[in-house]
Amino acid sequence: MHPNSNQLSHMGTNKYYVVWKGFAPGVYDSWEEAEMQVSGYPDASYRAFKTMEAAVEAFREGFDKESLIKEVAREMERLEKEGTVIEFDKKKSGKADIPKAEAPAEAPAPAKTTTPIEKTTPTETTPPVKKRVIVQQPPPYLVDSLAVDAACAGNPGPMEYRGVLVRTGQEIFHVGPMEGGTNNIGEFLAIVHGLALQEKQGTRLPIYSDSVNAQKWIRIGICKTQLEENEQNAPIFDLIRRAESWLRTHTFRLPIYKWETSKWGEIPADFGRKKH
RNA sequence: ACAUCC
DNA sequence: GGATGT
Ligand SMILES: [Mg+2]
Ligand SMILES: [Mg+2]
């Protein structure tokens, strides 16, 4: 469901758009602005509000309350259908066999409110009267960074990986699909590719990966996969050897950080094809 | 258990 | 539900 941007296109829009998860979370007063922050962002979270006050308040909550409520409602319905009895009584409960209900989903912790960011320095092209960005939270991660991720259709299965600029979502590299890889091989190769490419380009963006496993393999300089080589996946093993060799023969390194998926949502390089 | 991939 | 990994 997308807010409609067509109607009343003249004389400025009257809605306010909260972006909780997007390239630059904040409150925007035009769908065009908001859309730039959410389109192409995995699991983007955003909603339109009628007034700036409502929007700012909702943004400060740190998450989309509306969708959380709907989630909880769906869960209640599901439990009801299963015949699960939810017990709201306090400590004292003499009743013997009441099936235990799952704890209701907890509200995510509100985004940490750190110092308000200075507005992106207005250029001459910025409309002077009306600020377009009403509220802007600095994201908890480094925006000047490269995000990498891998995917495979089955594990093992056809494997691919890519890297994107966190700031813009722009894809910097994309390899595959290649037959018969594992998730972990892909996550490993993605990081090495990010390092090698940046050395070649002369850039030094820190790298985000959501794979603790791959980060460890980078540290030890070895792809410790248990997958066995065969004819089908030979090209992947070729790549692995090249990657390990690169790590051995180059001292060039960059900070590699854990992308905290549970707090920040899917890494921007995600392929967005998980179930659910 | 944690982190991922389907 | 199943696989890859520490
Ligand atoms: Mg990943
Ligand atoms: Mg992913």
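All of these numbers come straight from a predicted model, not from anything done at the bench. In the text below, chain A, chain B and the rest are named by the order of the sequence lines, each starting its count at 1.
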Participant: If I take atom CD in residue E266(A) and atom C1' in nucleotide C6(B), what distance separates them, rounded to the nearest angstrom?
Facilitator: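 Nearest whole value for this atom pair: 12 Å.
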Participant: For G154(A) and for V212(A), locate the closest nucleotide of DNA chain C by heavy-atom distance; then report the residue assigned to the nucleotide nearer the 5' terminus.
Facilitator: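 The answer here is G154(A).
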Participant: May I have the distance from I185(A) (atom CD1) to C5(B) (atom P), rounded to whole angstrom?
Facilitator: 15 Å
Participant: Please list, chain by chain and in numerical order, all residues satisfying side chain to side chain contact (heavy atoms under 4.5 Å, CB included) with M178(A), sequence neighbours excluded.
Facilitator: V175(A), P235(A), I236(A), L239(A)
Participant: Quickly work out the L189(A) CG to dT4(C) C1' distance and round it to whole Å.
Facilitator: 14 Å
Participant: Please work out whether the ring planes of Y46(A) and W31(A) are parallel, tilted or perpendicular, with thresholds of 30° and 60°.
Facilitator: tilted
Participant: Check whether any side-chain nitrogen or oxygen of W259(A) sits under 4.0 Å from OP1 or OP2 of A3(B), and answer yes or no.
Facilitator: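 No, no such contact exists.
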Participant: Within this structure, what is the NZ-to-P distance between K263(A) and C2(B), rounded to whole angstrom?
Facilitator: 14 Å
Participant: Under 4.0 angstrom, heavy atoms only, what part of the nucleic acid is N155(A) near: base, sugar-phosphate, or nothing?
Facilitator: base
Participant: Does the side chain of V18(A) reach to within under 4.5 Å of the side chain of F49(A), using non-hydrogen atoms?
Facilitator: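 V18(A) reaches F49(A) side chain to side chain.
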Participant: Nearest to the P156(A) side chain among dT6(C), C6(B), dT4(C), which nucleotide is it?
Facilitator: dT4(C)
Participant: Looking only at the side chain of N213(A) (C-beta and beyond, no hydrogens), which of the listed nucleotides dT6(C), C6(B), dT4(C) gets closest?
Facilitator: dT6(C)
Participant: Does the separation of the ring centres of F59(A) and W20(A) fall below 6.0 angstrom?
Facilitator: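 No - the distance between ring centres of F59(A) and W20(A) does not fall below the 6.0 Å cut-off.
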Participant: Hey, is the side chain of K274(A) poking within less than 4.0 Å of OP1 or OP2 on C5(B), counting only N and O atoms?
Facilitator: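 For K274(A), the contact criterion (side-chain N or O under 4.0 Å from OP1 or OP2 of C5(B)) is met.
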Participant: Between atom CD1 in I222(A) and atom P in dG5(C), what is the gap in whole Å?
Facilitator: 14 Å
Participant: Please report, rounded to the nearest Å, how far the P atom of dG5(C) is from the CD atom of Q226(A).
Facilitator: 6 Å
Participant: Ignoring backbone atoms, establish whether K258(A) has a side-chain N or O less than 4.0 Å from OP1 or OP2 of A3(B).
Facilitator: no
Participant: What is the nucleic acid contact for N184(A), judged by heavy atoms within less than 4.0 Å: base, sugar-phosphate only, or nothing?
Facilitator: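 The answer is base, as N184(A) lies within the cut-off (heavy atoms under 4.0 Å) of a base atom.
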Participant: For I191(A) and dG5(C), what is the distance between atoms CD1 and C1' respectively, to the nearest whole Å?
Facilitator: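 Checked: the CD1 to C1' distance equals 13 Å.
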Participant: Looking across every strand, which nucleic acid part, if any, lies under 4.0 Å from A214(A) by heavy atom: base, sugar-phosphate, or nothing?
Facilitator: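 Here A214(A) touches no strand at all.
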Participant: Does C5(B) have its OP1 or OP2 closer than 4.0 Å to a side-chain nitrogen or oxygen of S211(A)?
Facilitator: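 Result: no.
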Participant: Just to confirm, is there a sub-4.0 Å distance from OP1 or OP2 of dT4(C) to any side-chain nitrogen or oxygen of T225(A)?
Facilitator: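 No, no such contact exists.
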Participant: Using atom CH2 of W264(A) as one end and atom C1' of A3(B) as the other, report the distance to the nearest whole Å.
Facilitator: 14 Å
Participant: For the rings on H193(A) and F188(A), is their centre-to-centre separation under 6.0 Å?
Facilitator: no
